[in-house]
Peer 1: 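The following block contains the structure, expressed as C-alpha cells.
Note that the coordinates shown come from a computational prediction; the quantities given were computed from them, not determined experimentally. Chain A is the first sequence line, chain B the second, and so forth, proteins listed ahead of strands; every chain is numbered from 1.
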2 protein chains.
Amino acid sequence: MFSKSCEYSIRAVLYIYKNTQDGNKISIEKVAGAIGTPRHFTGKLLQVLAKQKIISSVKGPNGGFYIAPNAPEIRLSRVVEAIDGPEIFKACALGLKECSEDHPCPLHQQYKGIREQIKNMMEDQTVQQLGKKLGEEKVFVKNENYPE
Amino acid sequence: MFSKSCEYSIRAVLYIYKNTQDGNKISIEKVAGAIGTPRHFTGKLLQVLAKQKIISSVKGPNGGFYIAPNAPEIRLSRVVEAIDGPEIFKACALGLKECSEDHPCPLHQQYKGIREQIKNMMEDQTVQQLGKKLGEEKVFVKNENYPE
DNA sequence: AATAATAAGTATAATTATATCCTTTTATCT
DNA sequence: AGATAAAAGGATATAATTATACTTATTATT
Ligand code: FES
Ligand code: FES
C-alpha cells in the first residue's frame with residue numbers, strides 16, 4: 001500500500017504528537033525506540049517532515065521534535081504526500097502510466113472507488129485525532145511485545 | 001498497491017487469455033511488446049505463473065504461453081498470491097508485523113474494510129471475465145500511444 | 001541429426017532501505 | 001565568556017530488495 005518510509009513516518013508523527021502535547025520535545029532516539037523503527041532511517045524521515053513544517057524541531061540540548069499543542073490539524077494525507085508523493089492517490093491499479101476514464105485498465109471501474117476511499121480516509125483522519133486515541137483507546141504504533 | 005511484478009503479471013495474463021482462446025500460443029516477446037513491459041522481466045514472471053499452473057506453456061517452435069479455452073476460471077487473487085504472496089491481503093496499513101483486532105494500529109478500524117474490498121475485488125474478478133472485456137469494451141492493458 | 005524457436009536459469013543494474021560519519025546549533029556548566 | 005555536551009541536519013556509504021538483462025538448456029520441426 002504505502003512505502004515503509006510512509007508507514008514509519010505516520011507512526012512517528014502520531015507518537016510525537018502524543019508525547020509532546022505537554023510542551024516536551026522528544027529525540028530521534030526515543031521515537032525510533034518507541035515505535036520500533038530503524039534509528040537512522042527514522043531520523044532521515046523526521047528531517048524531511050520537519051523541513052516541510054509538518055512537525056517542528058529544535059536543535060541542541062533539550063531539543064528534539066514536537067508538534068505544538070496549538071498547531072492546526074495535520075491530515076495524514078499531508079504526511080503521505082510529503083513522503084510518497086501525491087501521485088500515489090491517483091495511480092492505476094495495474095501500473096499504467098496514467099489512470100484515466102479515456103484509457104482505463106480492466107480494473108479501473110472497480111478500483112477507482114476503493115482508491116477514493118483510501119484517499120478520503122487519509123484526508124479525513126488527522127494526526128491529532130489519531131494521536132489522542134493512542135493514549136485513550138487500545139491502539140498501537142509499535143509491534144506487539146516490542147520492548148518499550 | 002501491488003508490486004510492479006504483480007501489475008505486469010495481471011496485464012500479461014489478461015493479454016495471454018485474450019489472444020490464445022483460438023488455440024494459438026503466444027511468445028514472451030509478443031506479450032512483452034503488446035503490454036509494454038520489459039522483455040526479460042516479463043519472461044520470468046510468466047515462468048513462475050506457468051510453474052504454478054496458472055497459465056500453460058510449451059517449448060520449441062510454435063510454442064509459447066496460453067490459457068486453455070476450457071481452463072477453469074482464474075481469480076485475479078490467485079495471480080496476486082503467486083507473485084506478491086497471500087500476506088498482502090492481511091497486511092497492516094501502518095506496517096505493523098501483524099494486523100489484529102487485539103493489537104490494532106490507529107488506522108485499523110477504517111482500513112480493514114477497505115482492504116477487504118480490495119481482496120473481494122481480486123477474488124471476484126477472473127481472468128476470463130476481464131480478458132473478454134479486453135476485446136469488447138474499451139479497456140487497455142498497455143499505456144496510451146504505445147506502439148503495438 | 002540439425003536447426004531454430006522458445007522456456008528456464010543466472011547475472012547485472014536500479015531502487016529502496018538502512019547505517020555511518022561529520023557538521024551545526026544551542027543550552028548548560030564552569 | 002568559553003568549554004562542553006546534547007541534540008538535529010546533512011552528506012555519504014553499505015545492504016537488501018526489486019527490476020531488468022543476458023546466457024543456457026529444451027524441444028518441436030525438418
Ligand atoms: S486506469 Fe487502471 S485504475 Fe484507472
Ligand atoms: S493493525 Fe494496522 S491495519 Fe490492522
Side-chain angles (χ1 to χ4, degrees), chain A residues 1-13 16 19-20 23-33 35-67 82-85 87-88 94-95 97, chain B residues 1-13 16 19-20 23-33 35-67 80 82-85 87-88 91 94-95 97:
Chain A
M1 172 71 39
F2 303 114
S3 68
K4 268 191 189 181
S5 295
C6 196
E7 296 170 347
Y8 291 174
S9 296
I10 294 174
R11 280 156 61 187
V13 167
I16 291 172
N19 290 86
T20 60
N24 270 3
K25 299 174 205 80
I26 188 168
S27 69
I28 294 177
E29 199 75 39
K30 283 193 184 144
V31 173
I35 70 178
T37 55
R39 162 79 175 70
H40 296 95
F41 191 38
T42 306
K44 191 178 208 167
L45 296 171
L46 294 183
Q47 208 171 294
V48 346
L49 292 173
K51 188 175 278 179
Q52 304 237 12
K53 312 276 189 197
I54 292 172
I55 59 178
S56 308
S57 71
V58 44
K59 283 182 175 180
N62 304 322
F65 295 92
Y66 66 99
I67 293 173
I83 302 292
D84 279 353
E87 321 77 37
I88 195 172
L94 296 187
K97 276 205 206 62
Chain B
M1 171 70 41
F2 303 114
S3 68
K4 267 191 189 178
S5 296
C6 196
E7 297 170 346
Y8 290 174
S9 296
I10 294 173
R11 281 156 62 187
V13 167
I16 291 172
N19 290 86
T20 60
N24 270 3
K25 300 176 205 76
I26 187 168
S27 70
I28 292 177
E29 198 74 38
K30 282 194 184 141
V31 173
I35 70 178
T37 53
R39 162 80 174 70
H40 296 94
F41 192 36
T42 306
K44 190 173 211 171
L45 296 171
L46 295 184
Q47 208 172 294
V48 346
L49 293 173
K51 189 172 280 181
Q52 304 238 10
K53 313 277 189 194
I54 293 172
I55 59 178
S56 308
S57 73
V58 46
K59 283 183 176 181
N62 303 323
F65 295 93
Y66 66 100
I67 292 173
V80 174
I83 303 292
D84 279 354
E87 321 76 38
I88 197 175
L94 297 186
K97 276 204 206 64

Peer 1: Do other residues, nucleotides or ligands put more than 12 heavy atoms under 6.0 Å from the NZ atom of B/Lys30?
Peer 2: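 Check fails, neighbour count at 12 or below.
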Peer 1: Can you check nucleotides 11-17 of chain C for protein contacts, nitrogen or oxygen pairs under 3.5 Å, and list what you find?
Peer 2:
from: C/dA17; atom 1: OP1; to: A/Lys4; atom 2: N; distance (Å): 3.4
from: C/dA17; atom 1: OP2; to: A/Ser5; atom 2: OG; distance (Å): 3.3

Peer 1: Would you say the side chain of B/Phe2 lies within less than 4.5 Å of the side chain of B/Val80, judging by non-hydrogen atoms?
Peer 2: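 Yes, at least one pair of side-chain atoms sits under 4.5 Å.
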Peer 1: Rounded to whole Å, please give me the gap between CG in B/Leu49 and P in C/dA7.
Peer 2: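 So the two atoms are 13 Å apart, to the nearest Å.
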Peer 1: Grab the CD-C1' distance between B/Gln52 and C/dA8 for me, whole Å please.
Peer 2: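 Answer to the nearest Å: 15 Å.
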Peer 1: Answer with base, sugar-phosphate or nothing: what part of the nucleic acid does A/Ile26 contact at a heavy-atom distance below 4.0 Å?
Peer 2: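 Sugar-phosphate contact only.
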Peer 1: Name all residues meeting the side-chain contact (heavy atoms from CB on, under 4.5 Å) criterion together with B/Val48; count only those two or more places apart in sequence or in a different chain, and write none if there are none.
Peer 2: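 Per chain and number, B/Val48 pairs via side-chain contact (heavy atoms from CB on, under 4.5 Å) with B/Ile83.
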Peer 1: Whole-Å distance between D/dT29 C1' and B/Lys59 NZ?
Peer 2: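 Those two atoms, NZ and C1', are 16 Å apart.
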Peer 1: Here's a test of your reading of the structure: between A/Ser57 and A/Pro61, which maps to the more 5' nucleotide of DNA chain D?
Peer 2: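 Looking at the nearest nucleotide for each, A/Pro61 comes out on the 5' side.
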Peer 1: Rounded to whole Å, please give me the gap between CZ in A/Phe65 and P in C/dT25.
Peer 2: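 It is 16 Å, rounded to the nearest whole Å.
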Peer 1: Take the protein atom CG of A/Asn24 and the nucleotide atom C1' of D/dA7, then report the distance between them rounded to whole Å.
Peer 2: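 Rounded to the whole Å, the gap is 15 Å.
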Peer 1: When all nucleic acid strands are considered with a 4.0 Å heavy-atom cut-off, which category describes B/Gly64: base, sugar-phosphate, or nothing?
Peer 2: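 Counting heavy atoms under 4.0 Å across all strands, the contact made by B/Gly64 is with sugar-phosphate only.
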Peer 1: Are A/Asn62 and A/Lys25 side-chain neighbours, meaning at least one heavy-atom pair lies under 4.5 Å?
Peer 2: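 No - every pair of side-chain heavy atoms lies 4.5 Å or more apart.
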Peer 1: Once you apply a heavy-atom cut-off of 4.0 Å, does A/Ile28 come out as touching a base, just sugar-phosphate, or nothing?
Peer 2: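 Sugar-phosphate, no base atom in range.
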Peer 1: Rounded to whole Å, please give me the gap between NE2 in A/His40 and P in D/dG9.
Peer 2: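 Those two atoms, NE2 and P, are 14 Å apart.
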Peer 1: Report yes if a side-chain nitrogen or oxygen of A/Asn62 is closer than 4.0 Å to either non-bridging phosphate oxygen (OP1 or OP2) of D/dA7; otherwise report no.
Peer 2: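 So the side-chain polar atoms of A/Asn62 never come under 4.0 Å of the phosphate oxygens OP1 or OP2 of D/dA7.
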Peer 1: Decide yes or no for A/Ile54 and A/Ile67: does some side-chain heavy atom of the first lie under 4.5 Å from some side-chain heavy atom of the second?
Peer 2: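 Not touching, per the 4.5 Å side-chain cut-off.
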Peer 1: Tell me: CD1 of A/Ile83 to C1' of C/dT18, nearest whole Å?
Peer 2: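 So the CD1-C1' distance, A/Ile83 to C/dT18, works out to 15 Å.
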Peer 1: Just so I know, are the side chains of B/Leu46 and B/Ser57 near enough to count as touching, which here means a heavy-atom distance under 4.5 Å?
Peer 2: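 Result no, sub-4.5 Å side-chain heavy-atom pair not found.
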Peer 1: What's the closest nucleotide to the side chain of A/Lys51 if the choices are D/dT27, D/dG10, D/dA5?
Peer 2: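 My answer, after comparing the listed nucleotides, is D/dG10.
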Peer 1: Pick the closest DNA chain D nucleotide for A/Gln47 and for A/Gly60 by heavy atoms, then say which residue is nearer the 5' end.
Peer 2: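 The residue whose closest nucleotide sits nearer the 5' end is A/Gly60.
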Peer 1: What is the distance from NZ of A/Lys25 to P of D/dG9, rounded to the nearest Å?
Peer 2: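 From A/Lys25 NZ to D/dG9 P: 13 Å.
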Peer 1: Measure the shortest side-chain to side-chain distance between A/Val13 and A/Leu49 over non-hydrogen atoms and say whether it is less than 4.5 angstrom.
Peer 2: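 Answer yes - side chains close enough.
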